[in-house]
Participant: 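Structure in C-alpha cells, see below.
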Amino acid sequence: MTTTAETMPYAEAIAAFEPVLGLETHVELGTASKMFCSCPTAFGADPNTQVCPVCLGLPGSMPVVNRMGVESTIRMGLALNCSIAEWCRFARKNYFYPDMPKDYQISQYDEPLCFDGWLDVTVETDDGPRAFRVEIERVHMEEDTGKLTHAGGATGRIHGADYSLVDYNRAGIPLIEIVTKPIVGTGELAPLVARAYVTELRDLMRSLGVSDVRMEEGSLRCDVNVSLNRAGDDWGTRSETKNVNSLRSVERAVRSEIERQAAVLSSGGRVIQETRHFHEDTGRSTPGRSKEQAEDYRYFPEPDLVPVAPSREWVEELRGTLPELPSAKRARLRAEWGISDHDFQTLVNGGALELVEATIAEGVDPAAARKWWTGELARIANDREIELADVPVSPGQIKHIQRLIEDGSLTDKLARQVIEGIIAGEGDVDDVVAGRGLAVVSDDSALLAAIDQALVDQPDVAEKIRGGKVQAAGAIVGAVMKATRGQADAAKVRALLFERLGVSE
Ligand code: ADP
Ligand code: MG
Ligand code: ZN
C-alpha cells in the first residue's frame, strides 16, 4: 500500500493549480434589540435571560421586523455598491436542530435585500500593491441561532459529549450574510486576498456603525469556500470551511485548504463537496458534513412577516448617511501622513492603520507613531501569533513612552523594555520604569564618573584616543553603557568622552 502526503507544499500547489474562492461572511448587527422581537442583544448575560415567546418560538407568537436591522443591511448594501431590492421577502429555512427553538430560521433565500455589488481590496506583493475587485453576490438578512455547548467530551464537539447545554440569548440577533461571487484570478495571492477582503468588510461595517465587529466574541464568522482546477479546466469541487473567526485564520484556512486539495488532486483523488472545521491550534481543518446530497431546507416565504419594500426615497436618504468609506479615508490619511503607497499598504495589511491613527490623535507625530506600530509592536504581534490590535499596549501608552524618549528620560532601547514590562503585566509606563529602574542616566556627573572609571580601567585605549584614534572610543562607550546597564544615551556618552579628553571627533 502506498501512502500519499496529506498536503502539498504551497508553492508546488500553486504552480499546479488555480484556486477559486468564495466567502460567506456572517456579521451580527449592532442593533439594541433582536431581529424579530424586542429582546436585548447585549453580549455576556446569563444564559437564557434575554429571551421571549417570539425568539423561543412559542406557539402563537408573532415576529415583527426590526427597522434598524433593515436599515443597516441597506446601508451595508449601498456601501458595497449593490442594487437594493424594491420588494423582497423573508424565507423560512426549515431544519431540525436544537440551536433554533422554532425548528426553523428566518432568513432570505431567493429574494435578498441587496445584490450584485463589489468591493475593491488591495494586497501587497513583491511588485507593489495589487488591487482586486471582489464581486458581491448578495447581502441578506437573517437571525442568529442559539449557542450549544457540548459538555463532558474532550473536544467540545457533540461527538463524545455527555450532554449539551443551550443558550437562546443569541437566537434572533440580527445577522447579515454577505456572499461573494466566485473569486478567480488571485493565484498565489488567494490567502491574502481572502484576508484583505474580510478586513475591508470589517472596516466598512465599523465605519458605517452597523456593527462594531468584535471578532473575539464571534460577532463575525466566515465560511471559506475553496476549489482548485488545472489551468484551462472548469472549476473544481469546493469545500466549505465553516465558522472561521479571525482574519489570520481566514488566510490560514485558504492556504491550508489549497495545500490539502492539491495533494488530493495530484494523487488522483477527488475533492469531496463537504463542510470542514478549521482548528486554530494546528492551522488545519478536518471534515465535517458531506454536502454531496444537498440538504433540503424546504425554504418557503415566511408567512408571518410582511414583505420588505424599501421606497426609493428611503434608499436615497440612507445613501446620504454613508460616511467617508475606509478606502477614501485611507487615501486621505496617506496624503496627510505623506508616506509612500508601499509603506501605507504595509501598515494597512499589518492591521496598524487604526492604531497609528489613534496614536497620532494622542499627539504623537506620524513618523514616530508609524515606527512603533510597524516596528517593535508588529514584531511582538508576529512572535506571539496574535493580531496587532491584541497586543496589550495602547496608543495612550505609546504617547507616554514617546514623550519620555523626547525629553531624554528613555532611550529607544529602554523604551522597548518598558513595552516588554507592560506586556508582562508589570503595570503602566511609569510603573514599569520605576519597577525596573529604567530611567536614563542623564546626570552628566554620573556619566563622567563612569567615563573616568572606564578610562582608568583601559589606559591603553585612553592613550589611543588621545593620540587621535577616535575609532577606539567604542570600547570606552561600551564600558560606560555596561556600567549604566544600558541606561545611558550612547551618543551623549561619546560626546562627553571627547570633551573630557579634549579631542575633537
Ligand atoms: P452554500 O449554501 O452551499 O453555502 P452559497 O451559494 O451560499 O452556497 O455560497 C457558496 C459560495 O461559494 C459563494 O461565495 C460562491 O461564490 C462560492 N463558490 C461557488 N462555486 C465555487 C467553486 N467552484 N469554488 C470556490 N467557490 C465557489
Ligand atoms: Mg453557505
Ligand atoms: Zn425575544
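Small disclaimer: the values here were computed from a predicted structure and weren't measured. Start at 1 and go down the list; that is how both ligands and their atoms are numbered.
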Participant: If the threshold is 4.0 Å, N to carboxylate O, is there a salt bridge linking Glu251 and Arg248?
Facilitator: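 Salt bridge flag = no for Arg248 with Glu251.
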
Participant: Which residues pass the salt bridge (charged side-chain N to carboxylate O under 4.0 Å, His left out) test with Glu143, not counting sequence neighbours?
Facilitator: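 Salt bridge (charged side-chain N to carboxylate O under 4.0 Å, His left out) list for Glu143, sorted by chain: Lys102.
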
Participant: Can a non-hydrogen atom of Glu240 be found less than 4.0 Å from any atom of ligand 1?
Facilitator: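 Flag set, Glu240 near ligand 1.
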
Participant: Any side-chain donor paired with an acceptor under 3.5 Å for Thr359 and Trp373?
Facilitator: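 Note: Thr359 and Trp373 side chains meet the donor-acceptor criterion.
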
Participant: Give every donor-acceptor pair under 3.5 Å between a side-chain atom in residues 179-191 and any protein atom, sequence neighbours left out.
Facilitator:
from	atom 1	to	atom 2	distance (Å)
Thr180	OG1	Leu23	N	3.0
Lys181	NZ	Asp116	OD1	3.0

Participant: Taking only Lys NZ, Arg NE, NH1 and NH2, and the carboxylate oxygens of Asp or Glu, determine whether Lys242 and Glu240 approach each other closer than 4.0 Å.
Facilitator: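 Salt bridge present between Lys242 and Glu240.
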
Participant: Report yes or no: does Pro19 have a heavy atom closer than 4.0 Å to ligand 1?
Facilitator: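 Per 4.0 Å heavy-atom rule, Pro19 does not contact ligand 1.
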
Participant: Side-chain donor-acceptor pair under 3.5 Å between His150 and Ser164, yes or no?
Facilitator: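 Checked: His150/Ser164 side chains pair up, N/O donor to acceptor below 3.5 Å.
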
Participant: Check whether Thr321 reaches the backbone of Leu318 with its side chain - one donor and one acceptor, N or O, closer than 3.5 Å.
Facilitator: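 Yes: the side chain of Thr321 pairs with the backbone of Leu318.
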
Participant: Please report whether ligand 1 has a polar contact with Val226, defined as an N or O pair separated by less than 3.5 Å (distance criterion only).
Facilitator: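 In fact, backbone or side chain, Val226 has no N or O that close.
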
Participant: Does NZ or CZ of Arg330 lie under 6.0 Å from the centre of the six-membered ring of Phe344, at an angle within 45° of the ring axis?
Facilitator: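 Pair Arg330/Phe344 does not count as cation-pi.
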
Participant: Which one holds for Val20 and ligand 1: side chain close, backbone close, both close, or neither close, with close meaning a heavy atom under 4.0 Å?
Facilitator: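 Both backbone and side chain.
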
Participant: Polar-atom distance check: Ser227 versus ligand 1, any N or O pair below 3.5 Å?
Facilitator: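 The answer is yes, given that Ser227 and ligand 1 share an N or O pair closer than 3.5 Å.
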
Participant: Under 4.0 Å from ligand 1, counting heavy atoms only, is it the side chain of Leu23, its backbone, both or neither?
Facilitator: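 Only the backbone of Leu23 comes within reach of ligand 1.
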
Participant: Only protein N/O/S atoms count here: give how many lie under 2.8 Å from the Zn ion (ligand 3).
Facilitator: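 Of the protein's nitrogen, oxygen and sulfur atoms, 4 lie under 2.8 Å from the Zn ion (ligand 3).
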
Participant: Go through the structure and list residues passing ring pair (Phe, Tyr, Trp, His ring centres under 6.0 Å) with Phe132, not counting sequence neighbours.
Facilitator: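 Applying ring pair (Phe, Tyr, Trp, His ring centres under 6.0 Å) to Phe132 gives none.
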
Participant: Heavy-atom contacts under 4.0 Å between Arg238 and ligand 1: side chain, backbone, both, or neither?
Facilitator: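 It is the side chain that touches ligand 1; the backbone stays farther off.
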
